[in-house]
Structures are given as structure tokens and as C-alpha cells.
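Heads up, the thing below is written out as C-alpha cells.
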There are 2 protein chains.
Amino acid sequence: MGDRDLVLTHDMIVEGVHFLPDDDPADIAWKLVAVNLSDLAGKGAQPLGVLLGYMLGRDEEEDRAFTRGLGEALRTFEVPLLGGDTVAAPAGSRAYGLTAIGQVGRGHAPSRSGAQAGDLLYVTGAIGAGGLGLAMAARRIEGPVAWLDAYRRPRPRLREGQVLGPIVHAMMDVSDGLLIDAGRMAAASGLGVEIDLDAVPLAADAPGDRAARLAAVTAGDDYELLFAAPASAITAPADVPFTAIGRFAVGEGIRLSDRAGMVPLPARLGYEH
Amino acid sequence: MGDRDLVLTHDMIVEGVHFLPDDDPADIAWKLVAVNLSDLAGKGAQPLGVLLGYMLGRDEEEDRAFTRGLGEALRTFEVPLLGGDTVAAPAGSRAYGLTAIGQVGRGHAPSRSGAQAGDLLYVTGAIGAGGLGLAMAARRIEGPVAWLDAYRRPRPRLREGQVLGPIVHAMMDVSDGLLIDAGRMAAASGLGVEIDLDAVPLAADAPGDRAARLAAVTAGDDYELLFAAPASAITAPADVPFTAIGRFAVGEGIRLSDRAGMVPLPARLGYEH
């Protein structure tokens, strides 16, 4: 590993905060893996393995389901389980932790603070399916199963992160909401950012009016990548989908607009925790 | 890191299982660091850093105490906090996870399965203070403050592990109890092990009768190192204290004896979890 940097991430999820008591344990396990691998994707890193901290469930069936979902995620993302710890737990909320280890070419891991004035703001894939899937899971709306799947079984942009990492100025994964995360990148870079709400690529079949677009960019749970780069620099392979949605500028904060003009920022920019 | 192997460990601790609701959060944090670093010590590894999964406490005072104990442990063992996650938690049991990362010379990390017939079984330091300290903390006995300190603020044998790792056949840290862990090393090596109960070095001021010795070798929480090596091979520096307490032999299981003859194995060999 002489020409490699290590990237480490640890996320913890707690019943009643990050998942609900009757969520399928297989989906909980998948998501625990996916959110941590998404952090590695944001650093352009290739995963080397994960360590799991697992609190035994209420019965064997729950443990089996969790183990099944864990195995499905690890096989899908081709990541080995290197170790971890299993603990018995008294009655109460369950909590799980996962550590993911990745590697990236020395000095190639992008930070979130490297955006420069004039850089465009890009996002991979499409935004909004995670939030719509959550609304479906909570039985507030009906919709295509793809939304539910995006919420329950997100797919971190690992390959895209590795392609983009060495050629961008700044990168991070979008997990808490496009607006809040774009604002964090701008603040970390000492800049402001102008975002064209109409340019944000929406999930298939998602409604596209202003209110729906504002919901999509503040809902979170999408696990796409957000990155800053000069317009001329981006020549990624055609199968790495991304869209320019804004521009960094001297200043601070977020300026949001659409075809009708300036859009007041919503009170809640994303998921804060 | 071309000539180094990475060693990773993740231990999780849960209220009501690994610590009690009224334990000092500073001690809980220290122990969380120490038990993970002890796993690294068992592999002869030098710590590179830790990642913390922290569930916010019931009030700010609790969080401050935890942070203080964490800082004390990290400074004492000269290990940086590399990152992690902090989560809000609903009412219920608190749970914390820690990942420790270490490095060791390529191929030098000892396994627990390398003991050979004829090897002696050694233990570093002394055994029993952890268990006696737990009894003091539970107000079942009175004793010297050193026992309580051994229980609340254990000191992993990091330096000793790095010295011994390259020259032993097998090594592991003793955390669940000397008997159960020696039995695990023997089983992993496909051997039996004979242990001289009178040879086990006891903590200062600890009682030395057979019942007290049996309590010491089954109590756990001592965080010493257990290792297998030929009698002739061990020429560690004089300030790495260790004692031969047994011998590996063809066969299986544990044979325990003292000056009075064979000692029946207690029903409980250590802490199982």
C-alpha cells in the first residue's frame, strides 16, 4: 500500500432514529453497509472491507434476516466482512455500527473544501427517489416500487467515485439532502453556491413542480455524489451519469433559482443529526 | 506501509451488559479504548488510531465525562481519534462501538492457533486484579485502590505485545478469563494444555489459596497477554514481565493442577459472550 491512502468511516444507526422497529432487518443491514460505502465513494475510495458491531435481535428470525441482508449487500458491493463484535442486549433500542475501510491513490482522495469560484456544481444520477420511497414506506403516498427500493436498498456510487475522485476539485456523498450538503461543500470551500432547481435531475416518474423539486432536494437518503469541477475538466466515461446543477461563486450561502426566478430557501435544507 | 500488515478490531459495549447505568462515563470511555487496544496488543500491533461510534448520553454532563475519559485514554496510549459517528438516541440502553486500527511487520502478527506440543504457556504481568476490582466496584469486598483501578482503567500490554509478537508461536490477550482463553488457544492449536495453578502470578495483595486462585483465573477483565513459545526462545527485555504457567501437549482440553494434585475444572472457565 505504499502508493495508497487509507480511508476509514464509521456510521452508527439506532432504532427509533435511523430505522423503525418494524423495518425489515435485512433492509436495515443493507442500508448500514450502503451508507458507509457511500462515504467511501465520496472519497473516491475502493472498499477493502468492513467491521460490524451487531446487537443481537429479539429473536433468531430477526438475526437471520439481518445476516441475510448483510450478506446480500457485501456480495453486491464485493466487500469482505473482516470482523467485528456481536453483543447481547437488554430490552431497548437496537443499535448497530459499521466501520468501512477503503483505499485510494495517494493524495487522490478529494476533500469537500476544494471547490473554487467558477467551478460548476455537479450531481451524479438523480435525486428524490429516497425521499419518495420513505413516504411510500410510511404509507403516506403510493408510487413505483423503484422508489421504495431506492429508500430501502440504496446503491452507493463506488465506481463513479473512483472515476471522478482524481479529476474533481471537491466531492462528497449526498446523504442528508442535496441543499444541505451543497451548502456544506460551499461553506467548507469558503464560497457561495448558486443552484438551478430546474436543472436538478429528478428520479423517474417523480413530480416536477417547484414544491416537489424542493421536497426532493431537501429529503436526503439519495446517496448520489456531489462534486465541484471546472466545466472543461469533466470527461468521465459516458456510463458515469452526472448533471451540472449550479456554480460556485465568491460569497457565502446558497442562492436558489428556477425558470420563474429566485426561490426562497426552505426552512429545512435537509436532515440534520 | 509496504512492509506492514494492518490489524483491525471492533468491540461494542452495551449498558446493562458491559457496564452499569451508574458507572462513571469517563471510566466507560477509557475501558472502551483499552479493550480494543488490548486486541491490537494481542496481535503485536502498534496502534494507528481509533474510530468511535458514540450514542449521546442523558445529559451534557455525561457527554463531557465520556469525552474526558476518552481523551485521557487516547493521550495515555498515544493514539489519535480518526473519526466516527455521534448519534442521538431515544430512551433506553446506551451502546458504544470502537474500531481500532494498528500495524504490524508483514507476517509478524501472531495467531492464537500456532502453539506447538512442548511449548510453554506464558502470561504477562499478574492475574486477578480485574476481578477483585469488579467485586470492589459492586461493594462485595474491600481492598486496595489498585484493584479498582485495574478494573476501571485497564492498561493494555501494547509495548509488550510488539516485543513478543515476532518471537512467539501464538499470542492473544486475556480478557474473558485466563482459563477460558488458554483453552481457546489450545483448541485453536489442536492441542491440550496443562496449567500449574500455583505458578499463575497473582495481583499484589491478592489471596493465594486454591479457591482464590480459581476465582482469579476465571474472572477475566485482566487484559494481560497469553502466549506460547519454546522455553529457550524467550529472551525479551527484562522490563517485559512474564511467567511460565503451563505447557502445551498432544491431546485436548485443560488439565489443571497445583501442589496438592489435580484440580477439577470449575464449571465456569471465564466470561462467555
Practice problem: Would you mind checking which part of B:L52 comes under 4.5 Å of any heavy atom in chain A, side chain (CB onward), backbone (N, CA, C, O), both or neither? | Solution: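 For B:L52, backbone heavy atoms alone lie under 4.5 Å from chain A.
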Exercise. Measure B:A95 against the heavy atoms of chain A and call it side chain, backbone, both or neither at under 4.5 Å.
Key: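 Both parts, backbone and side chain.
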Self-check item: Given B:D222, B:D11, B:D173, the one that forms side-chain hydrogen bond (donor to acceptor under 3.5 Å, both in side chains) with B:S38
Solution: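 So, applying the side-chain hydrogen bond (donor to acceptor under 3.5 Å, both in side chains) to B:S38 and each of B:D222, B:D11, B:D173, only B:D173 qualifies.
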Quiz item: Do A:V87 and A:L56 have side-chain heavy atoms sitting under 4.5 Å apart?
Solution: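 Result no, sub-4.5 Å side-chain heavy-atom pair not found.
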Quiz prompt | A:R153 bridged to A:D27 by N-O distance under 4.0 Å | solution =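 A salt bridge is present here (some side-chain N lies under 4.0 Å from a carboxylate O).
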Self-check item: chain B interface, residue from A:A88, A:G49, A:G16 that has the most non-hydrogen pairs under 4.5 Å
Solution: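 The answer is A:A88.
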Quiz prompt | Face-on cation placement of A:K31 at A:Y151 ring, 6.0 Å and 45° thresholds | solution =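 That pair qualifies as a cation-pi contact.
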